[in-house]
Amino acid sequence: MPFPPVAEQLAVIRRGVEKIVPETELAAKLTKSRETNTPLRIKYGIDPTGIDVHLGHTVPLRKIRQFQELGHQAVIIIGNYTALVGDPSGRDHARSKRLTADEVEANAVDYLNQVGKVIDLSKAEVHRNGDWFGPMSFAEILQLCGKVTVAQLLTRDDFAKRFAAETPIFLHECLYPVMQAWDSVVIKSDIELGGTEQLYSFMLARDLQTAQKLSPQIGVMSPILVGLDGVRRMGKSLGNYIGISEPPFEMMKKFMQVPDAVMRMYFELLTDLPLSEIDALLAGHPKTAKTTLARAVIGQYHSAAEAEAAATRWQQEVGEGGLPTDIPTVKLSRSKLTDGKVGAARLLVETGLTPSTSDARRAIAQGGAYFGESKTRIETHDQLISVEAGLLLFVGKKKFCRLELTDNSQ
RNA sequence: GGGGGAAUUCCAGAGUGGCCAAAUGGGCCAGACUGUAAAUCUGGUGGCUCAGCCUUCGCAGGUUCGAAUCCUGCUUCCCCCA
């Protein structure tokens with residue numbers, strides 16, 4: 001199985017990558033791999049802490065797939081033991097609940113299911129780092145700890161910051177980067193993928209590998225994908241993500257909300273469109289570029305036809321202000337009506353479109369509530385609405401429902 | 001072990017006896033404008049039978065005509081010294 005020329009491989013690898021350290025060694029590794037016809041071992045590790053895989057996660061995953069397509073060996077590490085520590089890099093430091101072994105395993109399976117949409121799992125090695133950390137004796141752990149100094153640990157950015165800020169750093173947290181680095185030794189990685197925040201661990205892995213007389217790995221670091229707000233990293237807790245398991249239309253709506261400024265990043269990191277084509281798109285009307293982006297990405301997780309349908313539907317329902325196609329039905333008892341009518345504010349509450357009467361009044365007062373096929377604006381909170389089966393109600397742009405009348409008194 | 005500080009409405013953060021449903025900023029919601037992008041402008045952001053009323057300022061009591069504000073106890077968090 002011949003590998004593509006090194007220059008060609010480098011072009012693929014470099015796309016959308018923020019940093020390669022050390023950059024100079026990469027070509028050498030690729031050359032040697034090609035000469036000896038040996039695939040490089042591409043490591044990627046994750047903690048199975050219950051992940052809804054979103055586009056942010058797909059950035060390094062897509063890079064793995066690219067390596068796979070170049071003929072290299074993907075090695076996925078499920079950090080079932082590192083998960084016991086919890087990533088010290090901050091975001092999740094308050095994670096209080098300890099996952100049980102069963103939960104971790106269930107998460108791992110679920111996770112693999114999801115990443116299978118991006119990488120070719122049939123050609124990837126999957127390891128759990130508990131396989132080698134579990135059987136370690138305390139003596140062996142001490143030996144491992146003897147390879148890293150505290151000063152070394154303190155060069156890690158988040159430890160340094162926490163130390164300076166005098167916030168607690170627990171001893172077991174110090175082991176996190178050490179464990180991650182040791183994974184690289186065990187699986188003999190040539191390249192490790194991850195975000196830029198992984199720099200420290202990647203470098204530590206190089207030290208440990210060198211100490212074990214192994215060829216040190218190269219870190220290929222992706223930039224952090226920003227979320228829908230265009231500022232903060234894409235993440236579940238921030239609610240600014242697009243999940244890869246979401247239905248096409250949901251993804252479409254989210255894509256169209258993305259600020260223009262992040263389109264280039266999304267194109268580069270999330271699609272395979274040639275850079276020249278991306279430039280051309282971005283030079284044109286932003287809306288065209290955005291729909292193209294959305295279709296390209298959605299098509300990776302759903303069929304091209306579904307992506308196309310989602311785009312068309314978006315244009316009709318949102319772009320042109322048409323009626324939504326899937327309007328949820330809400331049951332309303334006739335007993336709530338008087339002479340077939342009911343006050344507007346009451347109606348909005350009964351249908352669950354607004355959580356409280358006060359909220360309903362606000363929505364109406366601000367002109368954000370409408371009813372009927374033609375979206376007639378509701379003028380006052382005590383306006384009586386004639387209710388018939390199938391009546392449409394809207395609050396703002398995102399909340400709407402169709403009424404169904406029932407006879408029971410509930 | 002000793003000492004000190006803090007807990008306010010989604011978040012941050014004002015407020016130290018009545019003018020407080022509680023400043024300001026962020027977020028979010030609605031409207032205008034648009035490409036449902038950004039920017040901008042306007043209004044809103046506890047509940048209700050809504051020009052009024054009711055329930056909120058860690059928890060439980062107390063003082064007072066009146067408490068987010070004062071007192072007592074409790075809980076939680078943080079810091080400093082050792």
Side-chain angles (χ1 to χ4, degrees), chain A residues 55 90-91 93-96 162-170 225-242 249-267 270 278 281-295 297 310-327 336 338 342-371 375-384 393-401:
Chain A
L55 293 180
R91 310 184 288 290
H93 54 75
R95 175 170 294 134
S96 49
R162 284 161 66 182
F163 190 71
E166 299 181 326
T167 52
I169 302 171
F170 291 94
L225 192 76
V226 298
L228 301 178
D229 53 17
V231 180
R232 296 172 300 177
R233 72 183 291 146
M234 184 175 281
K236 190 176 189 176
S237 56
L238 295 173
N240 61 354
Y241 70 100
I242 303 178
F249 187 58
E250 293 307 308
M251 295 175 91
M252 189 72 207
K253 283 193 284 193
K254 289 187 177 180
F255 265 112
M256 296 311 281
Q257 284 177 26
V258 162
D260 292 356
V262 305
M263 282 202 282
R264 177 174 293 279
M265 181 189 221
Y266 276 31
F267 266 120
L270 303 176
I278 295 173
L281 277 165
L282 291 177
H285 195 294
K287 192 184 174 188
T288 314
K290 211 173 277 181
T291 32
T292 308
L293 168 68
R295 280 202 308 264
V297 178
T312 310
R313 187 176 154 198
W314 185 88
Q315 181 53 32
Q316 287 168 356
E317 294 182 17
V318 182
E320 290 158 23
L323 292 176
T325 43
D326 53 350
I327 302 175
K336 307 282 186 193
T338 310
V342 67
R346 178 91 190 281
L347 185 58
L348 296 184
V349 176
E350 289 293 342
T351 53
L353 288 183
T354 56
S356 67
T357 314
S358 302
D359 209 54
R361 282 168 176 255
R362 278 194 286 272
I364 293 166
Q366 298 185 129
Y370 320 83
F371 70 100
K375 297 189 76 167
T376 311
R377 181 167 280 177
I378 298 174
E379 301 295 340
T380 62
H381 67 87
D382 50 5
Q383 177 178 344
L384 290 175
L393 288 169
F394 306 83
V395 172
K397 297 188 181 90
K398 290 165 192 156
K399 286 177 287 190
F400 44 81
C401 71

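Residue numbering restarts at 1 for every chain, and letters A, B, ... go by the order of the sequence lines.
With a cut-off of 3.5 Å on both Watson-Crick or G-U wobble distances, the partner of B:G35 is given as none. Pairing partner, B:U76: B:A6, with both Watson-Crick or wobble hydrogen-bond distances short of 3.5 Å. Checking B:G46 for Watson-Crick or G-U wobble geometry (two distances, each under 3.5 Å) identifies B:C54 as its partner. Partner assigned to B:U69 is none, using Watson-Crick or G-U wobble distances below 3.5 angstrom.
As rounded to the nearest Å, B:U16 and B:C71 have C1' atoms that lie 14 Å from one another. With both ends at atom P, the span from B:C65 to B:G73 equals 24 Å, rounded to whole Å. The separation of B:A39 from B:A6, taken at their C1' atoms, amounts to 40 Å, rounded to a whole angstrom. When the P atom is used for both B:C50 and B:C11, the distance is 30 Å, rounded to whole Å. Across the P atoms, B:A37 and B:C29 are found 12 Å apart, a figure rounded to whole Å. Comparing the P positions of B:U63 and B:G47 gives a spacing of 33 Å, expressed to the nearest Å. Going from the P atom of B:G58 to that of B:C54 covers 22 Å, rounded to whole Å. Rounded to a whole angstrom, the distance from the P atom of B:U69 to that of B:G15 is 15 Å.
No donor-acceptor contact under 3.5 Å links the side chain of A:Gln366 to the base of B:G31.
Atom CG in A:Leu282 sits about 15 Å away from atom C1' in B:A38, given to the nearest Å. Residue A:Leu293 contributes atom CG, which lies 15 Å from atom C1' of B:G35 at whole-angstrom precision. Between A:His285 atom NE2 and B:A38 atom C1' the separation is 13 Å, expressed in whole Å. Between the CZ atom of A:Arg377 and the P atom of B:G43 there is a distance of 17 Å, given to the nearest Å. As rounded to whole Å, 11 Å separates atom C1' of B:A38 from atom CE of A:Met263. For the pair A:Ile364 CD1 and B:A30 C1', the computed distance is 12 Å after rounding to whole Å. With rounding to whole Å, A:Gln383 atom CD is found 18 Å from B:C50 atom C1'. Here the C1' atom of nucleotide B:A37 and the NZ atom of A:Lys253 are 17 Å apart, to the nearest Å.
Distance from the side chain of A:Lys397 is smallest to B:G31 among B:G35, B:A37, B:G31. Considering only side-chain atoms of A:Arg362, the nucleotide from B:U45, B:A32, B:A37 that sits closest is B:U45. Side-chain proximity of A:Thr357 to B:U45, B:C50, B:G35: nearest is B:C50. Of the candidates B:A38, B:G31, B:C29, B:C29 carries the atom nearest the A:Lys398 side chain, counting heavy atoms from C-beta on. Of the listed nucleotides (B:C48, B:G31, B:G35), B:G35 has the atom at the smallest distance from the side chain of A:Asp260. The side chain of A:Ser358 has B:C48 as its nearest neighbour among B:C48, B:G44, B:A37.
Across the interface with RNA chain B, nearest-nucleotide mapping of A:Val258 and A:Gly396 shows A:Gly396 to be the residue nearer the 5′ end.
A heavy atom closer than 4.0 Å to some atom of RNA chain B occurs in no member of residues 346-355 of chain A.
Under the 30°/60° scheme for interplanar angles, the aromatic rings of A:Phe400 and A:Phe394 are found to be tilted.
A:Tyr241 contributes no side-chain N or O that, together with a main-chain N or O of A:Arg233, makes up a donor-acceptor pair within less than 3.5 Å. Side-chain N or O atoms of A:Arg377 include one that pairs as donor or acceptor with a backbone N or O of A:Gly367 at under 3.5 Å. Between the side chain of A:Lys290 and the backbone N or O of A:Val258, at least one donor-acceptor pair lies under 3.5 Å.
Heavy atoms of A:Tyr370 sit under 4.0 angstrom from primed sugar atoms or phosphate atoms, though from no base atom. Nucleic acid contact for A:Pro259: sugar-phosphate only, since backbone atoms but no base atoms lie under 4.0 Å from a heavy atom of the residue.
Among residues two or more places apart in sequence or in another chain, the salt bridge (charged side-chain N to carboxylate O under 4.0 Å, His left out) test is passed with A:Lys399 by none.
Between A:Phe371 and A:Leu347 there is no side-chain heavy-atom pair separated by less than 4.5 Å.
With rounding to the nearest 0.5 angstrom, the CD1 atom of A:Ile278 is 11.5 Å from the CE atom of A:Met263. Within the model, atoms CG of A:Asp359 and CD1 of A:Ile364 stand 10.0 Å from one another, a figure rounded to the nearest 0.5 Å.
Within the structure, every pair that satisfies the side chain to side chain donor-acceptor pair (under 3.5 Å) test and touches residues 347-358 of chain A, not counting sequence neighbours, is listed here: A:Arg346-A:Glu350.
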